[in-house]
Amino acid sequence: RRWAERRGADFAAEVLTADLAELPVTEQLRLAAGMRIVFGAHGDGLSWAAFMDEGGALLEAVPARKMGFQACVEGVDENPWGIFGGIARLAGLTHACWLNLVSE
């Protein structure tokens, strides 16, 4: 918090958590249009990042798979042609994704 205060109000932010599945689509759009950073698990809800202002960030947690298509090459802007990396690229956002360990 002190780090953000030293850099001015532009770095200070409100943290909002929401389960988008519980909100009407109009409220989901309103929230998405006002976000600067969105963090979430790999899934359809991350598509709302398309409505964020340029310069924001999309942070994507992806479950690792033992077999099949891996939806994430870990890193920052490493997936410009992937699902959410592509949305971020087209919207002018930074995209970061990482793999979470497979739970047994």
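Here the closest heavy-atom approach between residue L93 and residue A57 is recorded as CD2-N, 4.4 Å. In this structure, P63 and H42 approach most closely via the heavy-atom pair CD-CB, 4.3 Å. Contact between V73 and C97 at its shortest, heavy atoms only, is O-SG, 3.5 Å.
Residue pairs meeting the salt bridge (Lys or Arg N to Asp or Glu O under 4.0 Å) criterion with at least one partner in residues 17-32, sequence neighbours excluded, are E27-R30. Sorted by first and then second residue, the ring pair (Phe, Tyr, Trp, His ring centres under 6.0 Å) pairs involving residues 16-39 (not counting sequence neighbours) are F39-W98.
Remark: aromatic rings of F84 and H95 are distant, center separation not under 6.0 Å.
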Next item on the list: Could you walk me through whether N79 and E60 pass side chain to side chain contact (heavy atoms under 4.5 Å, CB included), step by step?
Entry: CA-CA 11 Å; N79 299 278; E60 176 187 10; over 6 Å; no

Check: Checking side chain to side chain contact (heavy atoms under 4.5 Å, CB included) for the pair L58/L46: CA distance, chi angles, key distance, verdict?
Finding: CA-CA 8 Å; L58 171 57; L46 295 180; 3.7 Å; yes

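Side chains of L59 and I37 form a contact here, defined as non-hydrogen atoms less than 4.5 Å apart. Contact check for I87 versus S47: side-chain heavy atoms found under the 4.5 Å cut-off. Counting only heavy atoms from C-beta outward, the side chains of T94 and V76 approach each other to under 4.5 Å.
When atom types are taken as modelled, the side chain of R89 and the backbone of P80 share a donor-acceptor pair closer than 3.5 angstrom. Using modelled atom types, no side-chain atom of E54 and backbone atom of G92 make a donor-acceptor pair closer than 3.5 Å.
Every residue was checked against the salt bridge (Lys or Arg N to Asp or Glu O under 4.0 Å) condition with E74, not counting sequence neighbours, and none meets it. A search for side chain to side chain contact (heavy atoms under 4.5 Å, CB included) contacts involving D53 returns nothing, not counting sequence neighbours. Not counting sequence neighbours, the partners of L29 by the side chain to side chain contact (heavy atoms under 4.5 Å, CB included) test are W48, F51. By the side chain to side chain contact (heavy atoms under 4.5 Å, CB included) test, M35 is found to be paired with A32, V38, M52, residues two or more places apart in sequence or in another chain being considered.
When hydrophobic clusters are built by joining Ile, Leu, Val, Met, Phe, Trp and Tyr residues whose side-chain heavy atoms come closer than 4.5 Å, directly or via intermediates, L101 is not grouped with V62.
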